[in-house]
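Below: the structure, in structure tokens.
The chains referred to below are lettered A, B, ... by the order of the sequence lines, with proteins before strands, and numbering in each begins at 1.
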Amino acid sequence: QEGTKTDSIRINQYGQAVRFQPLNAEAQDGILKFTSADKSYSIWMDNRVQFDGEMFSNDAFNPIGNGASIRRARFAMKAELWNNWYGEIDLDFSGSAVELKDAYVKYTPDSDSWNIKAGHFKESFGMETTTTSRYLTFTERSLMSKFDPSRHLGFQFNHWADKYLITAGLHFSTVGDNEEVVFTQDNNKDLGVDDGYSLTGRAVFIPINDEDKVLHLGIAGTYRTPKVDLEIPYSYRFSTRSHSSINRKKYIDTDDILNVDNNTMVNFELAGRYKGFMFQSEYKLVTVNRNDDLDAINFNGFYVQGAYLLFGGHHNYNAEEGEFTRITRGKEYGDLELAVRYDFVDANDFDNGIYGGSAEGYTVGLNYHVNPNVKFMLNYIYNNNDRFANGKGKLYAGYDADGNLTKDPTNVFDADGNGGDDFGMAAFRIEIDF
Amino acid sequence: QEGTKTDSIRINQYGQAVRFQPLNAEAQDGILKFTSADKSYSIWMDNRVQFDGEMFSNDAFNPIGNGASIRRARFAMKAELWNNWYGEIDLDFSGSAVELKDAYVKYTPDSDSWNIKAGHFKESFGMETTTTSRYLTFTERSLMSKFDPSRHLGFQFNHWADKYLITAGLHFSTVGDNEEVVFTQDNNKDLGVDDGYSLTGRAVFIPINDEDKVLHLGIAGTYRTPKVDLEIPYSYRFSTRSHSSINRKKYIDTDDILNVDNNTMVNFELAGRYKGFMFQSEYKLVTVNRNDDLDAINFNGFYVQGAYLLFGGHHNYNAEEGEFTRITRGKEYGDLELAVRYDFVDANDFDNGIYGGSAEGYTVGLNYHVNPNVKFMLNYIYNNNDRFANGKGKLYAGYDADGNLTKDPTNVFDADGNGGDDFGMAAFRIEIDF
Amino acid sequence: QEGTKTDSIRINQYGQAVRFQPLNAEAQDGILKFTSADKSYSIWMDNRVQFDGEMFSNDAFNPIGNGASIRRARFAMKAELWNNWYGEIDLDFSGSAVELKDAYVKYTPDSDSWNIKAGHFKESFGMETTTTSRYLTFTERSLMSKFDPSRHLGFQFNHWADKYLITAGLHFSTVGDNEEVVFTQDNNKDLGVDDGYSLTGRAVFIPINDEDKVLHLGIAGTYRTPKVDLEIPYSYRFSTRSHSSINRKKYIDTDDILNVDNNTMVNFELAGRYKGFMFQSEYKLVTVNRNDDLDAINFNGFYVQGAYLLFGGHHNYNAEEGEFTRITRGKEYGDLELAVRYDFVDANDFDNGIYGGSAEGYTVGLNYHVNPNVKFMLNYIYNNNDRFANGKGKLYAGYDADGNLTKDPTNVFDADGNGGDDFGMAAFRIEIDF
């Protein structure tokens, strides 16, 4: 009764009789994949190395070290089983530490119009965050992407059709970082408090999706109680690095906001393509609701980016996920992609005494797609921080009236908009996926 | 001279001429496996995701947080080489940390009646502990399972025949947890003391093993000197969580027992099946022998569990390992398993001033086996701790005469057997193996 | 335009149309490998378990604990893509921690006479260090091998021909150990200093390389500024264990040498084989250049080793890498290798007040190569430390005039050359590669 189309019995290592299905081994655009003749079973790998280097301008108030790193060293196993079931384990080993990325089970009925996931995976909030790091347009996501919750434990329902896509999820804490896991375990042990939860939904409309044109409109919302994977329970904190994994300074940092009841976010997505050109933009509004009749705190951010393939290729849109996927190269020897981005984030809420800083970034990128598996990326980014983007008072924010560097925003003696540490940076990435 | 049946030479990445054997790729009940035509070579994967959630009753003395987790995220590679050799690496990445599970070499002669293992693997003590977590009847093993040594470095000899199985092992420290490895290394560096060793043996008799019936009788014993993988050398400590990986409180905890010369354990196993019904039970007696004419300390525990498959399936017994393995489902669409367990552990030795606590658990489980790779588990467990199960004095154990919660067992003003923190819990698991 | 020889289109998990190439599955001397018919694509695994045990003589001044460990538990994925591209991820999980070993991209043109690597891999310095741990002659490399930089981020150019091999590399910090990664990140954050760099080159001449004979002459040099992956920036430190991963004492340790501008090293290699006999030797000279007109500090070391295969086998030399690779066994049932080594390291520079200690080792090894994948190793090593090899003053170095053990080298009352902690050790390794 082990419901499958096989013709014999074998014994596995646990002394158990098992059915077998012969598999075809293939490289699918360089990815190793095994599939049974009836397609009811397939299993494949997903490995990735990103080697990055970054150089910074020397005129920053706070000195920044140039450096290199393995940005990602990923290994994943993914399998489709018995027609309707899917399992995945996806791991990152960069920095000689483990990060558990995706680890989940998915059920998809024969109709192939919806699925449900259970485990650890990305919440459906933030178009650039849900886009796999394999297919990012720039070396790093925008400044505001750290608002996005990314991977959390939980359940998610997805439904898609030709012109739309809807997603709803119930989520708990995260297990994607060992420090957060230890906080969760310690808080459970010492305080006995619940994990916290999130309700997250996304709707995407795709009025146009043909060979030459795509138009994508999306909206997402999330309601989030504080999770226990924080050092300080019932807090909220937003902080981000500046388009860099090498420069470890977090200019933008709200520090811990205490006494939090919940936070909500809404996100608007507008994207599309026309022939070799694509654009993508998001606007995000964040509200932190506190107890004891304290006023709500608001943050926001947005980005807009565009890219053009110079050698005749085009970008591909994945309607089932509502995001761009790998490009198609225009020439056999590759394609060159020119990309620009403007992004902005505001983590100040002066009315409520929150001075997390605001910043904007101007990015120009040049990507060479050698083949489906090898990519070279070159980015130049100019970071413009405001005077409050001083890393919770640890970083210089400008010159005072005496011409000395000061970390105190109120002492910065400069016209509005001119304070804050600003600097340019150049980044390269060499990537191989296999 | 590279003794194999191949017909050509290739060059490997180390500039070395190599023979090759063509392999057949198969999915064996969903597990990817490659085998040479002559069966002298095979290699396969063993991946596993377990997504757990747990909820606790609100009337516990000590508040407990509900939560979710990835209980296991396993990746393993296993290979049979040159007919007689076997190698394995088995890793867990749950919690974004590495645990090295199995890493060993095994030699099995052509007679296939015995083998010898060398490396890191489970000692042959504790039937439920040696059963792989893939095939557990309940979401967590019994309270007393933490007495079992589980994986340690060393050597093990196994011999099996139709009606019996014997195992003998020599073991050293463990490398299954980074904290223990660091303790071992620091103790070696600072104190220069030997690893410690264990002698562990197990004998299983299987008087009945036919299509409908199995009767399993087992006995195991172990002699153990203190290992260096402890924070405090020459100590012994027993502690356990309460059928949960989410509730981090360890009610049962003997704290460090010092001045230990060795400890011994004996374990009795009784198990069997009749058609769709199976049962399994163990009784364990632990003795901690101390230096300086101090009296020996005794602990013990037992469990008894039974399970029935409602849709006509049956449990399978693996005589080579002396344990139950995966079930056979009764229907093509799956099988439903109803299971019950009572377990008990006593970590008190009042005569010797050890108040580690005792506890019992009542468990009802419902497992839905969808296919050979996907399983849903639902458990309800009632935990009944005694008044000494107070986590080394850190947890409330009852009410005192004034009606206030107290952590001191001697102040608990209640009839014997009624003190201690008791609570119910519900747990689910969604599992996929591939 | 996805330039490959395939005949159909499939859709991958990212909604992307992909070409596929059918692959042949093979075991190549026990290693699982998949190759397309046109050889433009191949992917393979490289797994390794080394189970070690070590025993020490009891007459050492400082007691040493006997012990066992999993020395290496390696998992690697390696792929050749689109004829010219290669990607690799190689990980170690021994000790239940991750070490990111190789993670890089390599380009090799059709001429197959040169390549260029980018990512994390071994610098071309130190013949025994660049030899994979699969094929080491002894359980541990020589005392002086810790001078070698091993893996660092960066770029490397390799060119080879029949009679020579040249390599040039530009390198930055390392990501092979989480502690070093954290130092790098913290130094970047707090100090904003650059990564540091190295220029490393190697030239190998192979005047003789035929079926029976090999003669290998090599020279390598490196110029290194201090890296940021150190606890103390702008420092240099040499320390090493004594041919052991179990004995955690570092007798030889220069402690942190501060105020370092750069260090340079030169290495000479002489190696060869004649029929069943091979020999290999290296001499290394290290110079640490300091700021502020401080004198340069010098260290040096060398080893010479020979091995003979008793059953008619021979060692194989890989001219493309300039190192020995796996042996060819003389008999179908295996081959026995007898090996000897003398090695020496001097980490004293008395003129500059550096008393890091010096030591020599006498090693006899017996290796049984069962098949291409299984190896047993047995080593006896006698370690002779000088009186300065006292682990920065933490270890006993000899007896003083009163016959008491002392850690102070100047109090050791013994003829020159007789002080220092000396001891014998026996080591075994059981290894399986698959």
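With a threshold of 4.5 angstrom between heavy atoms, Asn188(A) approaches chain B through its backbone and through its side chain. Neither the backbone nor the side chain of Tyr107(A) comes within contact range of chain B; no heavy atoms are under 4.5 Å apart. Interface residue Glu88(A): only backbone heavy atoms are found under 4.5 Å from chain B. For Leu91(A), the part sitting under 4.5 Å from any heavy atom of chain B is the side chain, from C-beta outward, and nothing else. Looking at Val181(A), the atoms closer than 4.5 Å to chain B (heavy atoms on both sides) all sit in the side chain, from C-beta outward. Heavy atoms closer than 4.5 Å to chain B are found in both the backbone and the side chain of Ala118(A).
The closest side-chain donor-acceptor pair between Asn373(B) and Trp85(A), if any, does not fall under 3.5 angstrom.
The distance from the NZ atom of Lys189(A) to the NZ atom of Lys250(B) is 7.0 Å, given to the nearest 0.5 Å. To the nearest 0.5 Å, the span separating CG on Leu32(B) from CE on Met77(A) amounts to 6.5 Å. We find the CZ-CG distance between Arg248(B) and Leu191(A) to be 14.0 Å, quoted to the nearest 0.5 Å. Glu54(B) contributes atom CD, which lies 10.5 Å from atom CG of Asp195(A) (distance to the nearest 0.5 angstrom). The CD1 atom of Ile70(B) sits 11.5 Å away from atom OH of Tyr104(A), with the distance rounded to the nearest 0.5 Å.
The side-chain heavy atoms of Asn371(B) and Leu81(A), taken from C-beta on, include no pair separated by under 4.5 Å.
For the set Val49(B), Thr132(B), Asn62(B), the entry with the most heavy-atom pairs within less than 4.5 Å of chain A is Val49(B). Chain B forms the most heavy-atom pairs under 4.5 Å with one residue out of Ala97(A), Ala25(A), Gly154(A), and that residue is Gly154(A). Between chain B and the residues Leu100(A), Ile43(A), Asn12(A), the most heavy-atom pairs under 4.5 angstrom are made by Leu100(A).
Taking both residues in full, the closest heavy atoms of Leu23(A) and Glu26(B) are given as CD1-C, 3.5 Å, listed atom of the first, atom of the second, then distance. Between Gly176(A) and Ser96(B), the closest heavy-atom pair is C-OG, 3.2 Å.
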Item to check | Candidate pair Phe172(A) and Phe51(B), rule ring-ring contact (aromatic ring centres under 6.0 Å, His included), full reasoning | outcome: CA-CA 12 Å; Phe172(A) 309 104; Phe51(B) 172 49; 7.5 Å; no
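Ring geometry for Phe75(A) against Phe75(B) counts as perpendicular: the plane angle is over 60°, on a 0 to 90° scale with 30° as the lower cut.
Within the 3.5 Å criterion, the main-chain N or O of Ala27(B) finds no donor-acceptor partner in the side chain of Tyr41(A).
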